J.: 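Please see the structure below; I have some questions.
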Number of protein chains: 2
Amino acid sequence: MLTNSRLVHQAHDHGRCINAALSRAEALCTENQARLTPTRESVLRLLWQSHQPLGAYQLQDQLSKQSGKNIAPPTIYRAIEFLLQLGLIHRIASLNAYIGCPFPGSDHSNLFMICSDCGSAAEVSHNSINDLLQSASDKANFTLQGQSLELFGLCPNCAGPKIQLDSQQSQDPSHE
Amino acid sequence: MLTNSRLVHQAHDHGRCINAALSRAEALCTENQARLTPTRESVLRLLWQSHQPLGAYQLQDQLSKQSGKNIAPPTIYRAIEFLLQLGLIHRIASLNAYIGCPFPGSDHSNLFMICSDCGSAAEVSHNSINDLLQSASDKANFTLQGQSLELFGLCPNCAGPKIQLDSQQSQDPSHE
DNA sequence: TCGCGAATTGTTATATTATAACGTAACATG
DNA sequence: CATGTTACGTTATAATATAACAATTCGCGA
């Protein structure tokens, strides 16, 4: 089973997430003779700023701010499409939003656990789930080609036993 | 396991699908002291015209034609929301489309098998999938509350052994 | 290094999906 | 039949996504 669920919900050095993602992206681009242009890299970086999926227009806002010039939607959507094709990011259909893939290149099922409270999304790839979906498809004579699996609920942080509610040190939702 | 996958992909008396859906709808409405108004019933009926999900604006077009007067989007979305809340229909996020639920009232997982070719969508509820998703959630300390599970691929009809490809009678994609 | 074709980005306009806000009509109930 | 509630009509607009075409940049062979 592949998952980044622990990482997503715990304090961690998020800079390493970003760096790792960028390294993987460079490698994958080289491998596929594709170019990780500045725009594409910026979008990927923005999607890795947090473990929460971002919408295209959020990306547009942020990229416009960063660059100082107005970036039009097509630019964003082109970068998104490029990153999607390489498997570097995923689209979360129920949210119309996009998120970095923690294990691009590996064949996996992209199942997401999306927190309705904080909006974080952890990705899980679970062989037995894949197998079961495959066998359910087989039974129905359905030729499985792709999937979109999204679970909604509360992440450990948001559901957790609200500890230290009375202490001065309340839960620290900060990232990292 | 609950599923309508056989029905969806085979010739059948579709009028019975529609009638059954409407009966269930009436029952559920009575049970919930809700009103199946003409607009709501029309939308439900339209969603049961085929086993292919329809978008809100397709519903709008068809309802406008049927009624002779222009129906505005909010009317459609209100009917959709009503039917969604009662569990009479589902939203398929990846398609921005809606489809009638073949087994409303029963607790189920709404997993869809969507044909990329003909657009039909069969619903499957599979206990072992639910259980597995639940246990995966548990492992990740994720409090599961809802889900959106969509499989893409080819339905039996569209994947099937392309018979008569060379004869004059090409494949007939008609419904029923 | 020049120039050419391909890939990328810029720009404008518009399609598609969904909702806000507010007024009007129908209903159900005492 | 008066009243509160529920549903619908209407207008405008938000949010998401793409089409079409021009301009630019890049890689690479001549």
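Predicted model, so just to flag it, every value in this text is computed and none were measured. Within every chain, numbering begins at 1; the chains are lettered A, B, ... in the order of the sequence lines, protein sequences first and strands thereafter.
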J.: Starting at CG of A:L95 and ending at C1' of D:dA17, how long is that distance when rounded to a whole Å?
T.: 16 Å
J.: At under 4.0 Å, does any side-chain N or O of A:N96 touch on OP1 or OP2 of C:dT17?
T.: no
J.: Which residue, B:P74 or B:G55, contacts DNA chain C at a nucleotide closer to its 5' end, judged by nearest heavy atom?
T.: B:G55
J.: Can B:Y77 be said to stack with the base of C:dT19, given centres closer than 5.5 angstrom and planes under 30 degrees apart?
T.: no
J.: Within this structure, what is the CD1-to-P distance between A:I76 and C:dT11, rounded to whole angstrom?
T.: 13 Å
J.: In terms of the nearest nucleotide of DNA chain D, which residue is placed more toward the 5' end: B:P38 or B:P73?
T.: B:P38
J.: For D:dC8, does either OP1 or OP2 sit under 4.0 Å from a side-chain N or O belonging to B:T75?
T.: no
J.: Ignoring backbone atoms, establish whether A:T39 has a side-chain N or O less than 4.0 Å from OP1 or OP2 of C:dT9.
T.: yes
J.: Any chance you could lay out the side chain to side chain donor-acceptor pair (under 3.5 Å) test for B:Q134 and B:N130, step after step, and finish with the verdict?
T.: CA-CA 6 Å; B:Q134 183 62 60; B:N130 291 345; over 6 Å; no
J.: Return the orientation label for the B:H51 and B:H12 ring planes: parallel under 30°, perpendicular over 60°, tilted otherwise.
T.: tilted
J.: Could you give the CG-to-P distance, from A:L36 to D:dC26, as a whole number of Å?
T.: 14 Å
J.: Looking only at side-chain atoms of B:A56, point me to the closest of C:dA18, C:dG10, C:dT11.
T.: C:dA18
J.: Tell me the interatomic distance from B:Q33, atom CD, to C:dC27, atom P, rounded to whole angstroms.
T.: 18 Å
J.: Please report, rounded to the nearest Å, how far the P atom of D:dA17 is from the CG atom of A:L54.
T.: 13 Å
J.: Checking A:T3 side chain against A:E123 main chain: does a donor-acceptor pair fall under 3.5 Å?
T.: yes
J.: Say whether, by atom type as modelled, one donor and one acceptor occur between the side chain of A:E150 and the main chain of A:I114 under 3.5 angstrom.
T.: no
J.: In this structure, how many angstroms lie between the C1' atom of C:dA15 and the CD atom of B:Q60, rounded?
T.: 14 Å
J.: Assign A:F82 to base, sugar-phosphate, or nothing according to its heavy-atom contacts below 4.0 angstrom with the strands shown.
T.: nothing
J.: Do B:Y57 side-chain and C:dA15 base share a donor-acceptor contact under 3.5 Å?
T.: no
J.: Give the rounded distance in Å between these two atoms: CZ of A:R78 and C1' of D:dA22.
T.: 11 Å
J.: Over how many whole Å does the gap from A:R40 atom CZ to C:dG10 atom P extend?
T.: 11 Å
J.: Starting at the 5' end of DNA chain D and moving along, which residue's nearest nucleotide shows up first, B:I71 or A:R91?
T.: B:I71
J.: Mind checking if B:R35 touches a base, just sugar-phosphate, or nothing, with heavy atoms under 4.0 Å?
T.: sugar-phosphate
J.: How are the rings of B:H14 and B:W48 set to each other: parallel, tilted or perpendicular (split at 30° and 60°)?
T.: tilted
